[in-house]
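Presented below is the structure to which this report refers.
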Amino acid sequence: MSQPPKNIEELAERCAMIAGLTLGQLAEQCQLQLPANLQRDKGTVGQLLELVLGASSGSKAEPDFPHLGVELKTLPVDSFGKPLESTYVCVAPLTDVAGLRWHDSWVCRKLSRVLFVPVLAERGIPLAERQIGTAFFWSPDTQEQALLQQDWEELMELIVLGGIDRIKGAHGKVLQLRPKAANSKVLTAAIGADGQPIQTLPRGFYLKASFTASLLARQFGD
DNA sequence: TCCTGATCATCT
DNA sequence: AGATGATCAGGA
């Protein structure tokens, strides 16, 4: 559909072009059929936005706009502009993590510059009628950076010390570690309580909804 | 198999 | 109602 945007300004222009449109209108422009609901197509909205904005598609562990260093995230919000879900960041490394530092981590790198595209996504609204909001670029300020780093270091320390199976979603103030897999039977390698190799459920880092709510508040005011 | 795109569904 | 753990689809 779209070529990659040449620069940030061009990307911002594209976002401005689609603000206020419904997902149905956007899909029509792309000559795509929207599923009736997201139950079996949870990634549809994100992929539609990638297509329209010219993100490099695919499942590479890279920013969506590598040349711009920008990560694209759709943000499902209710009619008050509050996030309806947490935001997935990346998978969590569970082995060979000794000595890994915050500034070299995928979390830090992916979150250094994020383009959030709010989408009105209350369950009662049919997918095609859901409206795209005003997109905004976000980079963590000093305080946000500190919170993220603190949570990340705490979670990674637990992983290194074999505490992976004690980590719950409630750990962390703004960043959480939760399952990220096809189902609860999937296993991957990790470090056990006595330092031995174990198999455990793959995990991903997520931004808590309360944290993205504060980003929205910073952007749009209360 | 792992990572991308996330939301679903249940529990508290 | 908000949060947590579970789940779905597709590409490399």
Side-chain angles (χ1 to χ4, degrees), chain A residues 1 4 23 26-27 30 32-66 70-97 105-107 109-111 114-128 130 132 135 151 155 158 164-190 199-214 216:
Chain A
M1 179 74 183
L23 296 179
L26 211 54
C30 303
L32 285 181
Q33 286 295 319
L34 237 34
N37 59 65
L38 297 179
Q39 195 165 354
R40 305 196 70 85
D41 300 271
K42 299 180 180 180
T44 291
V45 179
Q47 285 157 1
L48 179 60
L49 268 296
E50 283 184 344
L51 186 64
V52 168
L53 297 177
S56 3
S57 57
S59 56
K60 299 184 288 281
E62 272 191 351
D64 297 290
F65 302 96
V70 170
E71 175 74 12
L72 173 66
K73 291 291 176 196
T74 63
L75 191 56
V77 297
D78 67 15
S79 51
F80 302 102
K82 302 275 282 182
L84 289 165
E85 293 286 350
S86 54
T87 299
Y88 169 69
V89 180
C90 60
V91 295
L94 302 183
T95 58
D96 304 316
V97 285
S105 71
W106 281 108
V107 177
R109 288 155 66 178
K110 284 210 168 189
L111 295 184
V114 181
L115 174 60
F116 282 107
V117 183
V119 177
L120 187 56
E122 282 169 342
R123 293 235 191 155
I125 307 174
L127 187 57
R130 297 183 183 183
I132 297 163
D151 282 350
L155 291 166
L158 276 164
I164 179 71
D165 286 328
R166 296 200 309 274
I167 300 177
K168 309 294 179 199
H171 275 88
K173 295 184 179 69
V174 298
L175 192 68
Q176 57 183 179
L177 197 69
R178 305 220 311 271
K180 176 63 173 171
N183 58 62
S184 59
K185 275 87 180 170
V186 176
L187 293 174
T188 194
Q199 292 290 110
T200 191
L201 191 56
R203 319 297 167 93
F205 286 108
Y206 295 76
L207 299 179
K208 292 192 176 191
S210 56
F211 182 64
T212 47
S214 73
L216 285 161

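In what follows, every chain begins at residue 1, and chains take the letters A, B, ... in the order their sequences are listed. Hydrogens, waters and symmetry mates are skipped; everything else that's a heavy atom, side chains included, is used. Only a predicted model underlies this, so the values are computations on that prediction, with no experimental measurement involved.
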Please tell me which of the listed nucleotides, B:dC8, B:dC2, C:dT4, lies nearest to the side chain of A:Thr188? B:dC2
Identify which nucleotide among C:dT7, B:dA6, B:dC8 has an atom closest to any side-chain atom of A:Lys73, counting heavy atoms from C-beta outward. B:dA6
Can you tell which of B:dC3, C:dT4, B:dA6 lies closest to the side chain of A:Lys42? B:dA6
Using whole Å, what does the distance between atom C1' of nucleotide B:dT7 and atom CG of A:Leu34 come to? 15 Å
Of all the choices, C:dT4, C:dT7, B:dT4, which nucleotide is nearest to the side chain of A:Lys110 once you look at every atom? B:dT4
From B:dC8, C:dA3, B:dA6, pick the nucleotide closest to the side chain of A:Thr74? B:dA6
Pick base, sugar-phosphate or nothing for A:Ala121, based on heavy-atom distances below 4.0 Å to the nucleic acid. nothing
Taking N and O atoms by type only, does the side chain of A:Tyr206 place a donor or acceptor under 3.5 Å from a partner on the base of C:dA3? no
Would A:Lys173 count as a cation-pi partner of A:Phe211, with NZ or CZ less than 6.0 Å from the six-membered ring centre and within 45° of the ring normal? no
Is the closest basic N to carboxylate O distance between A:Arg203 and A:Asp165 below 4.0 Å? yes
Could you tell me the separation between the CZ atom of A:Phe65 and the P atom of B:dG5, rounded to a whole number of Å? 11 Å
Options B:dC8, B:dT4, C:dT7, nucleotide nearest the side-chain atoms of A:Val91: B:dT4
Kindly indicate whether the side chain of A:Gln39 and the base of C:dC8 share any N or O donor-acceptor pair separated by less than 3.5 Å? no
Indicate whether OP1 or OP2 belonging to C:dG5 is found under 4.0 Å from a side-chain N or O atom of A:Ser184. no
Have a look at A:Arg178 and say if it touches a base, only the backbone sugar-phosphate, or nothing, with a 4.0 Å heavy-atom cut-off. base
Less than 3.5 Å between a donor and an acceptor, one on the side chain of A:Lys180 and one on the base of B:dG5, is that the case here? yes
Quick note, A:Ala61 side chain, CB onward, closest among B:dC3, C:dG5, C:dT7 is B:dC3
